[in-house]
Structure formats: C-alpha cells, structure tokens
Amino acid sequence: MTWIRHRLTEMLADAVLPLSPAVMGGSPEAVAVDLEIPSLAQHGDFATNVAFALTRQLRRSPREIAAQILNNLTDSNQIIHRVEIAGPGFINFFIQPTAWHEALLRLLQNPVAYGRQDLGKGRRIQVEFVSANPTGPLHIGHGRGAATGDVLANILAACGFQVTREYYINDAGNQMDTLGRSLYYRYQELLGETIVFPEGHYQGEYLRELAQEFHEQYGNRYRQTPLEEVLPLFTGFASSHILDGIKDDLNAFGVQFDHWFSEQSLHHADAIHQTIEAMAAGGFVYDREAARWFRSTAFGDEKDRVVIRSNGVSTYFAADLAYHRDKFQRGFDTVIDIWGADHHGYVDRMLAGVQALGRNRDDLRIILVQLVNLLRGGKPVAMSTRAGEFVTLREVLDEVGKDAARFLFLTRRSDSQLDFDLEVAKSQSNDNPVFYVQYAHARLCSIFEVARERGVPYLRPDGSDPSSLDRLTLPEELAIIRLLDEYPQVLTKCATTLEPHFIPYYLHELVSLFHSYYNHNRILSEDVALTQARLAMADAVRIVIHNAMELLGVSAPEKM
RNA sequence: GCGCCUGUAGCUCAGGUGGAUAGAGCAACGGACUUCUAAUCCGUAGGUCGCAGGUUCGAAUCCUGCCAGGCGCGCCA
C-alpha cells in the first residue's frame, strides 16, 4: 500500500537522520518528511522541502543540506530513476517505471484489501451521529450528518479501527410531552373538534397522518378522555411511529446503526445521578440557588452549567454527561460525536464534562456539520420547522436518489456550508459529479465486456512475471499508477482529519486522468502484450473506484 | 455585546501543521464521435486568495485588528 511513497519516505528518513540525530529524534521513524506530488511534471513524481525545514537547526543553506541528504541516500530498492536539487532547495524524485509496475502488481494481487491499513491497530472507536429527536421526520440537514458519520465510520473501519455506529434517541424531556399533546390535538381535530393549536407545538403534516393511524388503531375511544389521562399513550404512539419512520429513511439512505441508545434508559438506570456523584467526587459539582452546578469553567468553558434544576429535575446536559460516561464505560478508546453546527455552543461544556469524568479531552472528538441550503435551480427552497414545511430527507431521496445525495453531501468540508441543488443532483449530465465517476466505472467495465466479446483473454497478473507490465511507458500511464498508489494515503488523511471529502476529490482526479487517457489511447489493440498491460492498469483503476465508492456508500454501476 | 464557523475565478468549492508559476467543477467561447460508452475529451479566457498591519529568506496558509455573511449565547431539548 502506497508502496512507492513509503519506500521513499523511509529512504529519506534514513538519509536525513545522520545530519543531526539529536534534532531529528534519534530514529528514522521520528523523522518527519513530507513528500508531495508536484503540480508540474518537470518537478518529478515526488518532491520534498525537508531541506528547508532543517536550515535553522543546521545553519546552512537549503541547497547544501539537500546535497548532503542526497549523499546519504541509499536506494536499495532501486526505485529512483533520477533525483535533483531544484530551485532554492527542493529535492525532486523521478521514479523508475519498473517501480511503478511493481506497485501496480502489488495492488492487483490483493484488490479487495487495497487501501485497507492498520492505522487504528484495533482500537475501539464509536461514531454517534444523526441522533435526531423522534419528534418528526429527518430533514435534509440530518442527511448530511448521516452521510458524514456513515462514511467516516466506513473509513475508520478500513483503517483498522474497531467501529461502532450509534444513534442516541432523545426520548425523554418536555419535548416528548409536547409531541404527545400535538398528536392528541390532531386526533381531536380529526374527530371533528375545533382545536386552536397552542404555541410551541409540532404542526407538521406528518402528525395529521399519525392521527389517522392512531384513529385506525383506537377509533373514537379517546375522544372524551382528558389529555392528562392519556398523554403517555399518545406520546408513546407518536415517538415510536416517528422513530420507525426515521429508521426506514436511514435504511433507504444506506445507513445502518449497530446500536440505538435510549435516553430514557439513563433515567431508569439512575445513571444521571451516579454520573453527577462521580463528578462531585472529583470536586467539580457544587450547589447554588437550590440547583446543582457542574464547574465546567475548570476546563475552559465560559460559565458553569446547571445539572439539577432547583425543581429537582435534571437537565438535558446532565443526561448527556451520563450518556458519554456510559460510552466510555463500554470501553471505547475514542468517541466521535457528529452534531449540527447550530449546537456548537455546546462543545466546550461537553469536552469539560469528559475531562471531569477522568478522560482526556482528545478522547471525545466533536465534528460540527454545517447546515445545508436546499436549492432548486439556484433558488432557495423555504425550510421552516416551525410551520412544518421543511423538506424531508425522504423527499430528497425520492427525487434525486441515494447515490447523488450521498456523493453531494460529501463533496464539502464539514465546517463549510453546503448548497444542495435538487436540479443538479437530479441531472444526468456533466454538472453532476457523481455521474462523472460512475460513468468512468461503467466505461471500464464495458472495456472488459468488449474484450470478452472479442475473445481477448485478460488474465489479472499474479506477480510471477514482473515484466508483464513493461509496456506501460506513457507518462499518462505512469501518472495514473502514481495516483492509484496514493489511494491508501487519501484514506489515512481522511481518518486522521476525520474529513471524508478528500475521497470524492480524489475520485474526481483519478477518473479525470482516466477519461483523458481513454480519449487519447486505445486499450484494446492488435498488440497482445500491450493490451494485457493496459487492461491490467484499467483493472486497477476499476478496483480503486469500486473500493472508494464502496466506502462512500455510492454504487459503482457496470452499465449506464 | 460575547463566542464559534466561513470569506479563494462570474457561480459552487478544494488547497490551510508556511515553500517552486494558487487548483477543480459549473457557466462562457472555440474544437473532437465510421473506432474500447461523446454522461467523454482537447483548447481559450477568467484571481489585489475580504481589507489592513505583523512574524519570516518566503504567507491563501501563522498572529493582531477591522469588514461582511451564517450560527449560537436558557435552571429548553
């Protein structure tokens, strides 16, 4: 994996270390060298600016340092064709074509595993995402969070972490009563009562439908019953049906959770008070004005937070503390929370809570996903939860499909707002990035199909004959292999930064190189050896597209 | 008022632990289908990286201030 890059990085570290062992940390592993792919082909396959970084410590010019590094360089694998010192002190590497061929062979020998790595070393990591309140259907913003969390979980699993996906159900608190009352009113309304809908209740159309379902099940039985007597029934009916709908929607979106965690279970288990006691034992809890407070300012929060109100009822935050304590008690090394960016004011207190519970601040990673602006043909689509006119995830899925929705959600950095245009997502044309990638995959599959029809027997090279790829000599071919070799590195970057958007960008770049190559070169020709070599390269491109799309949860069709 | 995020080509956005001439898609303009899928490709044009200072041999990237947009700032969830 990332074979050439790794070899080169190791060689460089070995060459840099003798210059100043003390500064470099004493071992080749501790030497940080950054290899980049230059934007200009004349600057080689890889370049490094490591000589610049050492100028201060070594008190010599970058070019002198670069020269010394080159003196120390031992190319035991014979992967370097040429190396040069360029400009003010860059070191440019030109790789042997045979080394690229070897990298390609390695990829083809284990296609399914290509990209997989052991960054996580089996550490347990939990990704909690969506966690929308069961008071209404998922909207498009939840879709972005769902795609981000799901794909991040896929990536982390591919990188050697043991991943659990979890959904936290906020099935406690005032909002549940509000939901139950809202359904009660809609039910009364359905039975012909004149209802003045009170402020602050859920007025979405989905509650009318729910009232219908309720009526089908219970008839007119509760027409005369006072609200207080039947509220739990209405609340339970509404939340369970809405949660079922959420599960269906997520299923349709290709997202599956390992665990659904109920907030109520914390209340039943007295976990909230136990958590507060645990924090009190550390001296982080005090009483004031008849309430109990968490001293979150001890960990950088801007003010302390109430955990038990003066009326004796715990806050939502207290439950969340208990929830996170529970997560860590279940043995996760790292916990990732994916939240809508409108909750950012909550981050500091949560991180403070984690520390008060005896964990490191870094054990909880909070990812804020910015909001989605829904557009249709460039014009904003109105979304208002209050009036119940929001666009649901389901509607978007029905209109544009899972593939386009997932891909588009992942083409932006999480902390950047996203314009989601339904017309673009729907269009089966070149302004839709998902089709660009899918088309390349279908095209590749079609090449192999035609090869079969023509009776050209492609055999995936098994590595026994390294010379089988000698015919791949074009710069475009070597550039494609170089990018294929980068794929594991892309996953590493995603896993480290917890940002999945590098994958769509990588795919676009890879596919763009392939489309261009396809338009200028013929893969199937009379030349048998050349055809075999080019098919092997095409095979590898297809494999990487397939693997990457699998991580994104987007289909890679064989025909379009 | 305070805090977080954002500001890069006409539009939508990558790049952000400082490094060579700042990238891509869309839109615009001009080309390429008797050939393995033209849902593709090739070319042209398009930039004071919000503004102003600072640090540095070197800043889109780091620091400070300002401007603009988004979102928060409950003993709600």
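Letters go in sequence order (proteins before strands), and every chain restarts at 1.
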Would you say the side-chain atoms of [X] and [Y] include a donor-acceptor pair closer than 3.5 Å?
X	Y	value
A:Glu477	A:Tyr517	yes
A:Gln175	A:Asn170	no
A:Gln370	A:Arg412	no

Base, sugar-phosphate alone, or nothing: which one does [X] contact when heavy atoms must sit under 4.0 Å apart?
X	value
A:Glu558	base
A:Phe448	nothing
A:Ala86	base
A:Asp171	nothing
A:His515	sugar-phosphate
A:Phe317	nothing
A:Ser310	base
A:Asn170	nothing
A:Ala319	nothing
A:Glu289	base

Strictly by Watson-Crick or wobble contacts shorter than 3.5 Å, is anything paired with [N], and which nucleotide is it?
N	value
B:rG18	none
B:rC4	B:rG70
B:rA39	none
B:rC62	B:rG54

Below 4.0 angstrom from OP1 or OP2 of B:rC75, is there any side-chain N or O of A:Arg305?
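For B:rC75, neither OP1 nor OP2 has a side-chain N or O of A:Arg305 closer than 4.0 Å.
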Side chain of [X] only, please: which of [options] is the nearest?
X	options	result
A:Leu371	B:rA77, B:rG70, B:rC5	B:rG70
A:Tyr505	B:rU40, B:rA20, B:rC13	B:rC13
A:Ser446	B:rG72, B:rG25, B:rC36	B:rC36

Residue from A:Val450, A:Leu444, A:Leu535 passing side-chain contact (heavy atoms from CB on, under 4.5 Å) with A:Ile523
A:Leu535
For A:Asp415 and B:rG7, give me the distance from atom CG to atom C1', rounded to whole Å.
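So the CG-C1' distance, A:Asp415 to B:rG7, works out to 13 Å.
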Report yes or no: is there a donor-acceptor pair, N or O only, under 3.5 Å between the side chain of A:Ser516 and the base of B:rC41?
no
